[in-house]
Amino acid sequence: MQYWLLKSEPDAWSWDQQVAKGETGEMWSGVRNYTARNHMRAMKLGDRAFFYHSNEGLAVVGVVEVCALSAPDPTADDVRWDCVTVKALAPMPRPVTLKEVKANPKLAEMSLVVSFRLSVQPVLPAEWKEVCRMGGMDPKTLKAA
DNA sequence: GCCAACGTTGGC
DNA sequence: GCCAACGTTGGC
């Protein structure tokens, strides 16, 4: 299983909206960046991703799971763009802010810090564990630790 | 609301 | 195929 991070402006698509979609999940449409798209193409069913609120909130607020492989983006008028579908698994017991991520030397190489403009990013297993720990979440059960 | 970073577009 | 102009993202 691979780990990722998905950014969303809560004004456009928030964690609460994602949760409301339940098991159906929601297509991660609207991405118009090749690197981000390529990351989505590399995603497999069951891969997990942090749900990050950009612009407002600036924090990892929950965990989602890839429930459909990359497929043509219905919001694109162009065949170049496609996207995966994700469903909410669990909220972070405590949101992990960008500030905290930046302040943690273990996360100095994390994409969120290094390539902060990228909206779909890979997350290393060690980084995944560390962010879970900071958020008070058990990475195995996704329950409060 | 500003501005820096950076990806994309398009002319040559 | 290069590179300047431009647009967008996103933190502050």
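What you see below is based on every heavy atom in this structure, not just the backbone, and it leaves out hydrogens, waters and symmetry mates. Naming convention: chains lettered A, B, ... in sequence-line order (proteins, then strands); numbering from 1 in each chain.
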Inset, instruction - Look at all strands and tell whether A:K99 reaches a base, only sugar-phosphate, or nothing, counting heavy atoms closer than 4.0 Å. - result: nothing
Inset, instruction - Could I get the full list of salt bridge (charged side-chain N to carboxylate O under 4.0 Å, His left out) partners for A:D11, not counting sequence neighbours? - result: none
Legend entry - First encountered from the 5' end of DNA chain B, between A:N55 and A:S115: A:N55
Legend entry - Between A:N55 and A:E9, a side-chain donor and acceptor under 3.5 Å: yes
Legend entry - Residues forming a salt bridge (charged side-chain N to carboxylate O under 4.0 Å, His left out) with A:K106, sequence neighbours excluded: A:E130
Inset, instruction - Decide salt bridge (charged side-chain N to carboxylate O under 4.0 Å, His left out) for A:R80 and A:D73; before the verdict, give the C-alpha distance in whole Å, the side-chain angles of both, and the deciding distance to 0.1 Å. - result: CA-CA 9 Å; A:R80 287 180 298 173; A:D73 182 339; over 6 Å; no
Legend entry - A:W4 ring center within less than 6.0 Å of A:Y52 ring center: no
Short heteroatom pairs, N/O only, protein and nucleotides 3-5 of chain B, under 3.5 Å:
{"from": "B:dA5", "atom 1": "N3", "to": "A:R117", "atom 2": "NE", "distance (Å)": "3.3"}

Legend entry - Separation of atom CD in A:E56 from atom C1' in B:dG1, rounded to whole Å: 14 Å
Legend entry - Set of salt bridge (charged side-chain N to carboxylate O under 4.0 Å, His left out) partners for A:E100, sequence neighbours left out: A:R94
Give every pair of a protein N or O atom and an N or O atom of nucleotides 8-10 of chain B that lie under 3.5 Å apart, one pair per line with the distance.
{"from": "B:dT8", "atom 1": "OP1", "to": "A:Y34", "atom 2": "N", "distance (Å)": "3.0"}

Legend entry - Distance-only donor-acceptor check, side chains A:Q18 and A:W13, under 3.5 Å: yes
Legend entry - Test side chain to side chain contact (heavy atoms under 4.5 Å, CB included) applied to A:D82 - qualifying residues, sequence neighbours left out: A:R37, A:R41, A:S70
